[in-house]
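As a basis for the values below, the full set of heavy atoms in this structure was taken, side chains included, without hydrogen atoms, waters or symmetry mates. Please read these numbers as outputs of a predicted model, since none were measured by experiment.
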Amino acid sequence: KNHMPTLQTKPANKTRKQNSSGCHCSRSELKCPPPLPSLLLTEPFDKMADGAALLKAVQEKLNSVAAGDAKGTDNVLLQWDLAAEAIVPVAEALIEHARGVFDKVSAADTPRDWESTIQPIADLDILFHVVESSCTFTQHVSASKEVRDASTTAEEKLTAFQVDTASRFDLYQAIQAYDDTKPELEPEQRRFVDRMLRDFRRKGMNLEESVREKVLELNKKIKELEIKFGKNLGEEDTKLSFPAEALAGTPEDFVARLEKNDSGEYTVTLKYPHYVPIMKQCKVEETRRKMELAYNSRCVPENVEILEKLVELRHQVAVLLGYDTHAAYVQEIRMAGNPGKVATFLSELSDKLTALADEEVAVLTALKKREKEAAGEEFDGKLCAWDQSYYRNMVEKENYSVDHQKIKQYFPMERVTAGLLEIYQELLGLTFEKSPLPTWHEDVSAYEVKDKASGNLIGYFYLDLYPRDSKYGHAACWGLQPSCRAPGKSEARVLPVAALVCNFTKPTAEQPSLLLHDEVETFFHEFGHGVHQLCSLADFEMFAGTRVERDFVEAPSQMLENWCWNTESLQKMSGRLEDGAALPQELVDILVKARNANAGVLNKRQILFATFDQEIHTSAKADTREALARLTREVCKYDITEGTNFSASFGHLGGGYDAQYYGYMWSEVYSMDMFETRFKAEGILNPTVGKDYRDKILAPGGSKDAVDMIRDFLGRDPTPDAFLRSKGLAV
């Protein structure tokens, strides 16, 4: 059943097709990628022999897990010392092994029973996930360019193999032949087979050979371009220099952390810890202009060319498969069902926000006019792209008395981390303890996770919280190892491993790491994705953790952001360095009152991104800059800066969230309904509600349709009322 979160009427139930991330050893797609295995090479490396040997070592560890012999960290199949020259050979060995499995499954003389046709694929999915992660995750976190380059090459090879496998007609015929025997299956087994067949058909396996070959050719090109887009963005390292007076208005502790160049000027990057403070607080308009110009020009023109080519190729594939547009192809298996419902959702919400956003724009413009006149400068009446964050921050200060510099004194990283972990443990019935697991960098810490009631080990997670050169530049959670049944008929489970990769300000000998409140919220959100991975109890790797519909995947973490606006939980996460004092009630009240400050313009901004995504992916071709400029003017009422094109650094559209960015707001409908109906009503730290949430929302992973999990948790169909109230809008 499908639920459309309309903003005007009661939700209606519609028939829809189901979603999955695919059968062909594919990994989690949640802006949160995969895992890593290996050995540090101290002797000459024989590519074929040693690549196969390293793969065999992982297989042996996996067999130990299946036999129930693995204890503690032996359950972790990931290793972080794989040398650059070993990464590609390991990936190639995995490909050869997987090809052999698929050849055997597809052979004409293979019996069409579960053990011979389906179980080998399910088992391979686990091995592939772990080794793929081991080969490709390091491109996002390694300090070594050689390792990052090798990791990217490995991803290209593995992705090309996955594209080939997704178009293997003989494998499709084998699974279809098994299904034609009408086997009696458990519900999740049935779902697994159905999903594999559906995904094969969505690659054209039910069409004539010439169409299948063309789809395969185009999909290979698409994957190559998506990888190149991400690599360009990951390697982007623009730096700017400013004299001290050009940074006027930024906090003293911020400036004190900056490095100086030979000319005595301060060097800043475009990473969040530098970009955000300058854009929010720097009084020098020219500095903000230069930063915004550089930030929204990242990877121009190379990624503009790539994205526009991707739009063309994605559209061509969709048409070959019988769909009008790429968005129609993608959304068929999402909760939304089709682009029409997405367009209605976005336009209804935009209309409801227009009056509020117009009022806010008028306030922001008046603030700029006042500041210009006070400085004796002429005001041209325009609110520019580089003004947005600065004057929104001024609104919070002047209209709501929010002093973010004062508030962040209560959020030192150590206290926030301890409080966050305490809340999640209490809420979900878990215990976390530091683990001696090897990590990929000295800044990274590892934890083991146990079920509080039984004491059973259920998984591990890593925290990689601080920026490094060439490290992934945003905040994300990677599902490195899946939570699922071990290979064969084993009752044992492969334990999940998650990694949070963030970019919070790093402490120094002179300065502690103090988090802004919105950074606390980001931390809480990403850790929500982590516990989704850790608490999953699906049988198959295909349904592990966050393998839910893409337009629901953000909902569990979005719901948990509400803990960052509650007195009890905020005081658990806060403690001023000098005296340990928790965030006082008056500051909590100020934060809560300001929660919807600038809500109109901020939500319009999200609608802009989603609408841009929908427009280019319901078209055969795209002029991204023209579309972005036009839509920004229509939706957000300001002009983009000459020479910029944000789409070049819009990583979501480079691969993974294409035609799906609407999902951030769509899933918020469900997140607010779940929070208001259960946690707000029954207690924000109520362990009974927490257990229901863990059992009914997190544990199934993707083994059930999202709307069925929501109904189970709420005891009724979801409604948009709580979502609208959260935006300050009338129900």
Trp563 pairs by ring pair (Phe, Tyr, Trp, His ring centres under 6.0 Å) with which of Phe675, Phe527, Tyr424? Phe675
Taking the side chain as every heavy atom from C-beta outward, state whether Ile95 and Lys157 have any atom pair closer than 4.5 Å. yes
Just checking, is any N or O donor in the side chain of Arg716 or Thr677 under 3.5 Å from an acceptor N or O on the other one? yes
Under 4.0 Å between a Lys/Arg side-chain N and an Asp/Glu carboxylate O for Glu448 and Lys434? no
Looking at Asp551 and Met335, would you say the former's side chain and the latter's main chain have a donor-acceptor pair under 3.5 Å? yes
Ring geometry between Phe137 and His140 (parallel below 30°, tilted from 30 to 60°, perpendicular above 60°): tilted
Within the structure provided, determine whether Gln176 and Arg201 are in side-chain contact (heavy-atom separation under 4.5 Å). yes
Could you check, using the six-membered ring where one of them is a Trp, whether Phe128 and Phe102 have ring centers closer than 6.0 angstrom? no
Just checking, is any N or O donor in the side chain of Gln660 or His652 under 3.5 Å from an acceptor N or O on the other one? no
Evaluate the side-chain proximity of Lys223 to Gln162: yes if any heavy-atom separation is below 4.5 Å, no if none is. no
Between Asp123 and Gly488 (side chain of the first, backbone of the second, donor and acceptor by atom type, cut-off under 3.5 Å), is there such a pair? yes
Side-chain donor or acceptor of Gln481 paired with backbone N/O of Leu77 under 3.5 Å: yes
Would you find more than 12 non-hydrogen atoms of other residues, nucleotides or ligands less than 6.0 Å from Glu186 atom CD? no
Side chains of Val444 and Trp80: does their closest heavy-atom pair fall under 4.5 Å? no
Checking Val90 against Val58 for the side-chain contact (heavy atoms from CB on, under 4.5 Å) test, could you report, in this order, the C-alpha distance in whole Å, the side-chain angles of both residues, the deciding distance, and whether it holds? CA-CA 11 Å; Val90 172; Val58 178; over 6 Å; no
Would you call the rings of Tyr664 and Tyr657 parallel, tilted or perpendicular if under 30° counts as parallel and over 60° as perpendicular? parallel
Exercise: do Asn63 and Gln59 side chains pair donor with acceptor under 3.5 Å: no
Would you call Glu115 and Lys489 a salt bridge, using N to O less than 4.0 angstrom? yes
Counting distance only, does the side-chain N/O of Asn75 pair as donor-acceptor with the main-chain N or O of Gly72 below 3.5 Å? yes
Looking at Trp478 versus Tyr462, is the centre-to-centre ring distance below 6.0 Å? no
Measuring centre to centre across the rings, with the benzene-like ring taken for any Trp, is Tyr662 within less than 6.0 Å of Phe345? no
Quick test of your reading of the model: are Glu96 and Arg99 salt-bridged, counting only N-O distances below 4.0 Å? yes
State whether the side chain of Glu676 and the backbone N or O of Met672 hold a donor-acceptor pair below 3.5 Å, judged by distance alone. no
Do you see a donor-acceptor pair shorter than 3.5 Å between the side chains of Gln533 and Thr546? yes
Given side chains that start at C-beta, do those of Met196 and Met542 come closer than 4.5 Å, heavy atoms only? yes
Any side-chain to backbone donor/acceptor pair from Asp658 onto Gly656? Under 3.5 Å, distance only. yes
Please check: side-chain N/O of Asp705 versus main-chain N/O of Val707, any donor-acceptor pairing under 3.5 Å? no
Is the closest side-chain donor-acceptor distance between Ser667 and Gln558 under 3.5 Å? yes
Nearest heavy-atom pair of Met665 and Gln606: which atoms, and what distance? SD-CB, 3.7 Å
Cation over ring, Arg678 on Tyr693, under 6.0 Å and within 45°? no
Does NZ belonging to Lys696 count more than 12 external heavy atoms closer than 6.0 Å? yes
State, yes or no, whether a side-chain contact exists between Pro487 and Leu62 at a heavy-atom distance under 4.5 Å. yes
Within 6.0 Å of NZ in Lys704, more than 12 heavy atoms from elsewhere: no
For Asp673 and Thr719, indicate whether the former's side chain and the latter's backbone hold a donor-acceptor pair under 3.5 Å. yes
Does a side-chain N-to-carboxylate-O contact under 4.0 Å join Asp69 and Lys61? no
Check Glu541 with Arg547, please: is the shortest side-chain N to carboxylate O separation under 4.0 Å? yes
Quick check, are the ring centers of Phe723 and Trp666 under 6.0 angstrom apart? no
Distance-only, no hydrogens or angles: does the Arg694 side chain make a donor-acceptor pair with backbone N or O of Leu428 under 3.5 Å? yes
Less than 4.0 Å between a side-chain N and a carboxylate O, is that true for Arg711 and Asp708? yes
Any side-chain heavy atom of Leu185 sitting closer than 4.5 Å to one from Phe192? no
Apply side-chain contact (heavy atoms from CB on, under 4.5 Å) to residues Asp464 and Trp440 and explain how you reach the verdict. CA-CA 9 Å; Asp464 185 349; Trp440 51 89; 2.8 Å; yes
Short side-chain to backbone donor-acceptor contact, Ser536 and His532, under 3.5 Å: no
How far apart are the C-alpha atoms of Tyr472 and Gln139, what are their side-chain angles, what is the distance that settles it, and do they pass the side-chain contact (heavy atoms from CB on, under 4.5 Å) test? CA-CA 8 Å; Tyr472 179 78; Gln139 67 186 282; over 6 Å; no
